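Working notes for the structure below.
Reminder, nothing fancy here: chain letters follow the sequence lines and each chain counts from 1. These values consider heavy atoms only, across backbone and side chains, with no hydrogens, waters or symmetry-generated copies. Treat the numbers as computed from the prediction; the structure is a model and nothing was measured.
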Amino acid sequence: MKIATWNVNSIKARKPRILDWFDEAKPDVCVLQEIKCVDEAFPTGDFEERGYNVFVYGQKTYNGVALLSKHPVEDVIKGLPNFEDDQARYIEGTIIPDDTDPIRVGGLYMPNGNPAPGPKWDYKLAFIEALIRHMEDRFSREEAFCVAGDYNIIPSADGVYDPKGWADDALFRPEVRAAFRRMKAIGFTSAVHALMQEPYYTFWDYQGGAWKKNHGLQIDHLLLSPEAADRLEEAGVDADVRDPETGNGDVKPSDHVPVWINIA
DNA sequence: ATGGTTGTACAACAA
């Protein structure tokens, strides 16, 4: 079963490229971030035509997440439990395939946190604490669980083209790197790190020719509970989707690319 | 030091 995450940076501006990727990659489950639309404006029909059950936690202009699944989905929640938030950044549901065991999948859009220090940084730190509490709660249930999404955390120097230049950025500060280690210390496995030895990026800024210079960041991750990690078979990053020259006419790419795993 | 891209929405903010 293929589970993917992709920060699409506006579903409306990206729709042709997104549908092209779905037709090629055929994920069983995909979480999307930064859809930047209200629930009613999401192109639900385009995904239903392709066999997906569609769950949207939308927001006007900013944020917004979605959970798409070819398999039945139960117990969908919108927003992190026990965390007051007026921004649509988390969705979660239990995937019930007919041929494999169920898995609960969370779709995450972590706050960016810049500038740090400041109120946006404080919001990111509070969101992290709520996420870690939730991951601890889910871990204790001893069920297959995957948190997939845009963590806005660069876990190590391998994940940034210029570590020194990014030292004070909210995506790379010691506090968020420590948070990523805390998630692993609970017992979660970072799926792509587990299977790929080489450094890799999942995001390239639109500015300064970052794609051509390979000035990327590694900020999109899939973290697995032990029950899910035991089933991990394959992981990948569809970096070619970022190339402005490939794909759909003059429709520009997202600054993030799809990241995916295959589990038994 | 400044500006450098893109999306939303139409000025300015977020990333």
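Comparing atom distances between the A/E34 side chain and each of B/dA15, B/dG7, B/dA9 picks out B/dA15 as nearest. Of the candidates B/dA15, B/dT6, B/dG7, the closest approach to any side-chain atom of A/Q207 belongs to B/dA15. For A/K60, the side-chain atoms get nearest to B/dA9 when compared with the rest of B/dT6, B/dA15, B/dA9. Comparing B/dT6, B/dA9, B/dG7 by their closest approach to the side chain of A/A13 singles out B/dG7. Looking at the side chain of A/S10, the nearest of the listed nucleotides B/dA15, B/dA9, B/dG7 is B/dG7. Of the candidate nucleotides B/dA15, B/dG7, B/dT8, B/dG7 has the atom nearest to the side chain of A/R14. Among the nucleotides B/dA14, B/dA9, B/dA15, the one closest to any side-chain atom of A/Y62 is B/dA14. Counting only heavy atoms from C-beta on, A/K120 has its side chain closest to B/dA15 among B/dA15, B/dT8, B/dT5. The A/N112 side chain lies nearest to B/dA15 when the options are B/dT8, B/dG7, B/dA15.
The separation between A/I11 atom CD1 and B/dG7 atom C1' is 14 Å, rounded to whole Å. Remark: C1' of B/dG7 and CG of A/N9 are 6 Å apart, rounded to the nearest angstrom. For A/Y206 and B/dG7, the OH to C1' distance is 8 Å, given to the nearest whole Å. One atom, CZ of A/R17, and another, P of B/dG7, lie 11 Å apart when rounded to the nearest Å. For the pair A/N7 CG and B/dT6 C1', the interatomic distance rounds to 12 Å; values are reported in whole Å. Rounded to an integer number of Å, the gap from A/K124 NZ to B/dA15 P is 10 Å. The interatomic distance linking A/Q87 (CD) with B/dA14 (P) rounds to 9 Å, in whole Å. Distance A/K213 NZ to B/dT5 C1': 13 Å, rounded to the nearest Å.
Heavy atoms from other residues, nucleotides or ligands lying under 6.0 Å from CG of A/D250 number 12 at most. Counting heavy atoms of neighbouring residues, nucleotides and ligands inside a 6.0 Å radius, atom CG of A/D168 does not exceed 12 of them. Residue A/K78 places its NZ atom among more than 12 non-hydrogen atoms of other residues, nucleotides or ligands, all under 6.0 Å distant.
Looking only at atom types and distance, the side chain of A/N63 has a donor-acceptor partner in the side chain of A/R89 under 3.5 Å away.
Taking a pair to require two hydrogen-bonding distances under 3.5 Å in either a Watson-Crick or a G-U wobble arrangement, B/dA12 pairs with B/dT8.
When the P atom is used for both B/dA12 and B/dG3, the distance is 16 Å, rounded to whole Å. Spacing of P atoms, B/dT6 relative to B/dA1, comes out at 27 Å, to the nearest Å. When the P atom is used for both B/dA9 and B/dA14, the distance is 14 Å, rounded to whole Å.
With the nearest nucleotide of DNA chain B identified for both A/D255 and A/K36, A/K36 has the one nearer the 5' end. Of the residues near DNA chain B, A/G209 and A/P111, the one whose nearest nucleotide (by heavy atom distance) lies more toward the 5' end is A/G209.
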### Message
Could you go through A/F127 and A/Y90, starting from their C-alpha distance and side-chain angles, then the distance that decides it, and tell me whether this counts as ring-ring contact (aromatic ring centres under 6.0 Å, His included)?
### Response
CA-CA 11 Å; A/F127 192 100; A/Y90 192 77; 7.6 Å; no
### Task
Step by step, work out the ring-ring contact (aromatic ring centres under 6.0 Å, His included) result for A/H134 and A/F83.
CA-CA 10 Å; A/H134 180 58; A/F83 183 65; over 10 Å; no
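No engagement by A/F203 is indicated, since no non-hydrogen atom pair under 4.0 Å with the nucleic acid exists. Residue A/R242 is out of contact with every strand shown, counting any heavy-atom pair closer than 4.0 Å.
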